[in-house]
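Data block below; observations after.
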Amino acid sequence: MSAPIVHGGGITAAAATFGGRPEDWLDLSTGINPCPVALPDIPARAWHRLPDRHLIDEARRAARDHYRSGEILPLPVPGTQSVIQLLPRLVEADRLVGGTDNSVAVTDNRVAVTDNRVAVVSPTYGEYARAFASAGFAVDAVDDIAAIGAGHRLAVVVNPNNPDGLIWPAETLIALHDRMKAADGLLVVDEAFGDTDPALSLASRAPQLSNLVIFRSFGKFFGLAGLRLGFAIARSDILARFEDWLGPWAVSGPALSIADSLLRSDVSPIRGRINERCAGLYGVLTGAGLQLSGGTALFTLVADARAGDIYTHLCRHHILVRKFDYAPEWLRFGLPPDPAADRRLGEALQRFER
């Protein structure tokens, strides 16, 4: 079993090391909207009963309209992490049904063709590589879509990417899908940070892209990560497999009820608030003389040779940001929730000895 990946959000551990109560820390280590939306009314029966089919169907219709996925009804899942862990099983099932046998090795500098090789455009969210490696797959961490070849049974592209915010144009991804399909492979596009810029999404094209799987996060945009809810968009037989493997009642009734309400609501004020908070963070970081290296509306990546010292300095001020063991010069800053938090971060950065 591979070692667990360190993610953002470890306030308890940070407080144990640097002191203070966890609730008094400023957590900027995640890419979650720091201004959670007001919860809609949840019917008492959603708490009392197991999730009936009509709750699932209503949430799926709301997701279809929100993501504009046409004839595809997105499948609600208990956080997209749950289906990331099912991807190796999906590839194996697809191979047994009738995928091609690509067992001949190739020694160019880009790929080696086997029937259990996958590609992950990297660096990115680490759980994809971990899930496949734990299942015995060979994982190629590639830095460009062009490095994905016919020998890859599945390719993963996070768009916009986490943590650098890199964006791949839709037409580039569609061309990659077509290459994967021609080799009986699948393309997974993770759009966890896509709600802040819906024009980037492939969801509206999904009905015409049969070998495409899209993952969407619910909690990041709405600021409700604790709800553990996401959606998968794909052709019906792939969604049926996910639903079967997740088992009955995988998503709670209250989560389905909240999704049905919020996905049908006007989300433009949410985007406006996120953009306002993003501008506040941008001003703080540039005012501190830090070099911005990428990001999305929900987080900003900083590149600095002193990143480790800055991280420790901020922890001593009870502010947590995200560091990266594979890129020690990087720090990812999530959005402060309000101008007071902007000032707190700015004052701490100004105290850092350069």
[X] vs [Y] side-chain heavy atoms within contact, under 4.5 Å:
| X | Y | value |
| --- | --- | --- |
| Thr296 | Asn162 | no |
| Ile214 | Tyr67 | no |
| Pro198 | Arg271 | yes |
| Arg235 | Leu212 | no |
| Leu87 | Phe137 | no |
| Leu26 | Pro337 | yes |
| Ile310 | Leu349 | yes |
| Arg61 | Leu73 | yes |

Okay, side chain of [X], backbone of [Y]: is any donor-acceptor separation there less than 3.5 Å?
| X | Y | answer |
| --- | --- | --- |
| Asp244 | Ala240 | no |
| His317 | Leu314 | no |
| Arg68 | Ser204 | no |
| Arg179 | Ala150 | no |
| Asp190 | Val156 | no |
| Glu191 | Leu202 | yes |
| Ser134 | Arg130 | yes |
| Ser122 | Val120 | yes |
| Asn161 | Thr124 | no |

For Trp25, enumerate each residue passing the ring-ring contact (aromatic ring centres under 6.0 Å, His included) test, keeping only those at least two apart in sequence or located in another chain.
->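 So Trp25 forms a ring-ring contact (aromatic ring centres under 6.0 Å, His included) with His318.
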Does Asp195 come within less than 4.0 Å of Lys220, counting only side-chain N to carboxylate O?
->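 Salt bridge: no.
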Considering all heavy atoms, the nearest [X]-[Y] contact:
| X | Y | value |
| --- | --- | --- |
| Phe231 | Ala259 | CZ-CB, 4.2 Å |
| Leu186 | Met180 | O-CE, 3.4 Å |
| Pro163 | Arg332 | CB-CD, 4.2 Å |
| Phe242 | Leu75 | CB-CD2, 3.7 Å |
| Val267 | Leu262 | CG1-O, 4.1 Å |
| Arg344 | Ile319 | O-CD1, 4.0 Å |

Out of Leu290, Asp309, Leu331, which one pairs with Asp304 under the side-chain contact (heavy atoms from CB on, under 4.5 Å) rule?
->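 Exactly one pass, corresponding to Leu290.
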The single option from Val251, Asp260, Leu256, Leu50 passing side-chain contact (heavy atoms from CB on, under 4.5 Å) against Leu55 |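 Going through the options one by one, the only one that passes is Leu256.
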Among the clusters formed by ILVMFWY side chains lying less than 4.5 Å apart, do [X] and [Y] turn up in the same one?
| X | Y | result |
| --- | --- | --- |
| Tyr128 | Trp168 | yes |
| Tyr125 | Phe221 | yes |
| Phe324 | Leu285 | no |
| Val118 | Val121 | yes |
| Val142 | Leu166 | yes |

Hey, mind stepping through Arg216 and Ser201 against side-chain hydrogen bond (donor to acceptor under 3.5 Å, both in side chains) and telling me if it holds?
-> CA-CA 10 Å; Arg216 297 295 297 245; Ser201 177; 3.1 Å; yes
Report the C-alpha separation of Arg89 and Glu92 in whole Å, then their side-chain angles, then the decisive distance to 0.1 Å, and conclude whether the salt bridge (charged side-chain N to carboxylate O under 4.0 Å, His left out) test is met.
-> CA-CA 5 Å; Arg89 190 173 177 183; Glu92 180 64 15; over 6 Å; no
Counting only heavy atoms not in [X] (residues, nucleotides, ligands), do more than 12 fall under 6.0 Å from its [atom1]?
| X | atom1 | value |
| --- | --- | --- |
| Arg45 | CZ | no |
| His54 | NE2 | yes |
| Asp24 | CG | yes |
| Asp144 | CG | yes |

Walk me through it: do Arg277 and Asn33 pass the test side-chain hydrogen bond (donor to acceptor under 3.5 Å, both in side chains)?
-> CA-CA 9 Å; Arg277 292 287 73 238; Asn33 179 358; over 6 Å; no
Could you go through the side-chain contact (heavy atoms from CB on, under 4.5 Å) check for Ile167 and Leu200 one step at a time?
-> CA-CA 8 Å; Ile167 292 171; Leu200 299 176; 3.7 Å; yes
With Phe299, which of Phe193, Tyr282, Phe333 fulfils ring-ring contact (aromatic ring centres under 6.0 Å, His included)?
-> Phe193
Which is it for Phe218 and Leu227 under the side-chain contact (heavy atoms from CB on, under 4.5 Å) test, yes or no, and what are the steps along the way?
-> CA-CA 9 Å; Phe218 181 87; Leu227 198 63; 3.8 Å; yes
Please lay out, stage by stage, how Arg205 and Glu171 fare under the test salt bridge (charged side-chain N to carboxylate O under 4.0 Å, His left out).
-> CA-CA 11 Å; Arg205 316 282 281 273; Glu171 296 308 319; 3.0 Å; yes
Given side-chain contact (heavy atoms from CB on, under 4.5 Å), test Ile174 with Leu209 step by step and report yes or no.
-> CA-CA 8 Å; Ile174 291 170; Leu209 302 173; 4.0 Å; yes
Is there a side-chain contact (heavy atoms from CB on, under 4.5 Å) between Ile42 and Ile258 once you walk through the steps?
-> CA-CA 7 Å; Ile42 302 172; Ile258 290 170; 3.6 Å; yes
For the residue pair Phe352 and His313, does the interplanar ring angle fall in the parallel (under 30°), tilted (30 to 60°) or perpendicular (over 60°) class?
-> perpendicular
